[in-house]
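Notes to accompany the following structure.
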Amino acid sequence: MTELKLEKFEGPLDLLLQLIDQEKLSISEIALSKVTEQFFSYLDRLEKNRPEQLADFLMIAARLIFLKSYSLLQYAMPEEEDSGPSLADQLKLYRQYVEASKKINVLWNAGKIAYGRIEPPVKIKEFVLPINARAENLRSMIEALLRRLKPIDPLPKVTIDHSISIKQKLDSFRDLLKRSKKFNFMELLEGAKNKTEVIVSFLALLELAKEKTIRIKQINSFEDMVVIKI
Amino acid sequence: MSVISKLESILFVASKPLFFKKIVGVLRAPENDVKAALEDLKLKYNHQDSGIILLENGAEWQMVASPDNKEAAENFLKAEVSGELTRPQLETLTVISYCGPITKPELEQIRGVNCGLIIRNLLLRGLVKEKEDEASLLPTYEVTMDYLRHLGLNTLRELPNYDELHKHPFIETAKIGTQGNL
Amino acid sequence: MSVISKLESILFVASKPLFFKKIVGVLRAPENDVKAALEDLKLKYNHQDSGIILLENGAEWQMVASPDNKEAAENFLKAEVSGELTRPQLETLTVISYCGPITKPELEQIRGVNCGLIIRNLLLRGLVKEKEDEASLLPTYEVTMDYLRHLGLNTLRELPNYDELHKHPFIETAKIGTQGNL
């Protein structure tokens, strides 16, 4: 597998498309599942080189994890209303616009410009004050402008949501492990309100396993997992 | 004089894109008559070998010289430079061209990346504008007449696969998807 | 493109009378072809109910709005430079009033949109004037004495909250602009 250059893709969807193309697959959930690991391998470097885009990649990363975990954890997923198109469908749509953008680029570079004309201005004999250009109008306009220019929180909200929730989950799992040596994954999910929380719990669990704080046992596939403190 | 003759004169002297509402106001004619007159003028001008073209961009109209005669026109006015489009600019313009008016979350759902900076960049370049529509809660974005002029198209409907990509079955779901949290 | 199409385009953009010789030079076509094309265009335009007319004055040719619609066209153009300001125009005038003298790029960074057409309109209305600034090489814009006088002010400092708003930190930050790598 050849490494894709980090600066060569536009965003997470573009990276996915390129990974899928590289594997000579067509867009499907199976294809997405096959490139998930590769996708994750780019996240670390991204954090260093394009931190401002991390939130965008995390959104897609969460959906990839969801797809992967769905087959493993189907029993644990709460019923939820469908929240939009599948990732595969979204990717197919994105590809169509990427293709279309190439055609637009050809038009843009064709050097055809339709010029408007400039009618010589009519001379008004004396100065006319527009009825809505009095000092009071200027004042309310600049106040509106200042409201618009008021700096907004520079960090994308999504990043904060994600990092806080994973951190919170990790902390609460650690607390739990202080109190008991062994518990079932399903117990952890009892309070889960939506898919995001299930995924975040799963991510937190993987993180703890990586730290070698816990061991995970599953007797049969699709069954509940037993979490054991090391 | 007839509506169509007055319309032709106004579009000729205007020297800039005019909103349909504005035209109706200036002509003091029923909307339907103005609409019909605009269609008639389109038929009169927009054909092969016409030196004048009537551009239509959403609710805006502008009379321009044919893009095929760019070089000849530049003998009489300052040449405009199109400048290269970067990949993010191009990708964003493409989605807005096919799906505009479109909100920022919808655009982001389709592109999968935050589009705040790129929208600002395109607004500053005058290629994209915020739609003047106070009814919607979120601002919507669409391409400008300047962009259309530089593409050499009479209307966005002439873009390749316009109907398919404009009314793509997933766009509506993509738009709904922006309300979900994933 | 054909001679007639090119001819139509240049008469359209020229906005002034063109000598026959000049037209021939620009089109680089045989005199007879140009003459025939001019006659064709006369037939196309110069009839009852046309909104555009081709004027022939000795050896000079010019495309103009139909004299029958002279009043409508003039009223339209006058309203453009004396009527109520649009919201974007008022916002631009406000920024120039409180923050002038200011360059076009600074103005655009603050407003977040391209301001070319709007500045042109404010100049025509006599609300704003252009000044060459030798230091920055870019022209700067500020309000005119006429405007100030009609506001009943002696100096801009008398604008509401001028001292506080003139160098407001939000505006100063916006002015520098976002250096996005796009």
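Numbered from 1 within each chain, the chains take letters A, B, ... in sequence-line order.
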Review point. Relative to chain C, which of A:Pro120, A:Ala133, A:Pro121 shows the most heavy atom pairs under 4.5 Å?
Key: A:Ala133
**Study point:** Options A:Arg148, A:Arg134, A:Glu143, ranked by heavy-atom pairs under 4.5 Å with chain C, top entry
**Key:** A:Arg148
Practice item. For residues C:Phe12 and A:Tyr115, report the shortest heavy-atom separation together with the two atoms involved. Key: CE2-O, 3.9 Å
Review point. Would the number of heavy atoms belonging to other residues, nucleotides or ligands and lying under 6.0 Å from NZ of C:Lys78 be above 12?
Key: no
**Study point:** Worked verdict on A:Val122 versus C:Leu124 for side-chain contact (heavy atoms from CB on, under 4.5 Å)
**Key:** CA-CA 9 Å; A:Val122 290; C:Leu124 287 178; over 6 Å; no
**Study point:** Nearest-0.5 Å distance, CG of residue C:Leu159 to CZ of residue A:Arg139
**Key:** 10.0 Å
**Study point:** Distance in Å, C:His150 NE2 paired with A:Glu126 CD, rounded so as to fall on 0.5 Å steps
**Key:** 7.5 Å
Check your understanding: Which atom pair, heavy atoms only, marks the closest approach of C:Pro160 to A:Ala135?
Key -> CG-O, 4.0 Å
Check your understanding: Nearest 0.5 Å, what's the CG-CZ distance between C:Leu127 and A:Phe127?
Key -> 4.5 Å
Check your understanding: For the residue pair C:Arg120 and A:Glu119, what are the closest heavy atoms and their distance?
Key -> NH2-O, 4.2 Å
Practice item. Under 4.5 Å heavy-atom distance to chain C, tell me which part of A:Leu146 shows up: side chain, backbone, both or neither. Key: both
Practice item. Under 4.5 Å heavy-atom distance to chain A, tell me which part of C:Val95 shows up: side chain, backbone, both or neither. Key: side chain
Revision key, fill the gap. Output for pair (A:Leu145 CG, C:Tyr98 OH), nearest 0.5 Å, gives 11.5 Å
Exercise for review: Can you tell which part of C:Asp146 gets under 4.5 Å to a heavy atom of chain A, answering side chain, backbone, both or neither?
Suggested key: both
Check your understanding: Side chain, backbone, both or neither: which part of C:Arg125 has a non-hydrogen atom closer than 4.5 Å to chain A?
Key -> both
Check your understanding: Between atom OG of C:Ser97 and atom CG of A:Leu138, what is the distance when rounded to the nearest 0.5 Å?
Key -> 4.5 Å
Point to revise | Donor-acceptor contact present, side-chain A:Asn132 to main-chain C:Leu85, <3.5 Å | key: yes
**Study point:** Flag if over 12 foreign heavy atoms under 6.0 Å of CD1, A:Ile30
**Key:** no
Revision key, fill the gap. When rounded to the nearest 0.5 Å, the distance separating CG of A:Leu149 from CZ of C:Arg111 is 11.0 Å
Review point. Do C:Ser15 side-chain atoms and A:Ile118 backbone N/O form a donor-acceptor pair below 3.5 Å?
Key: yes
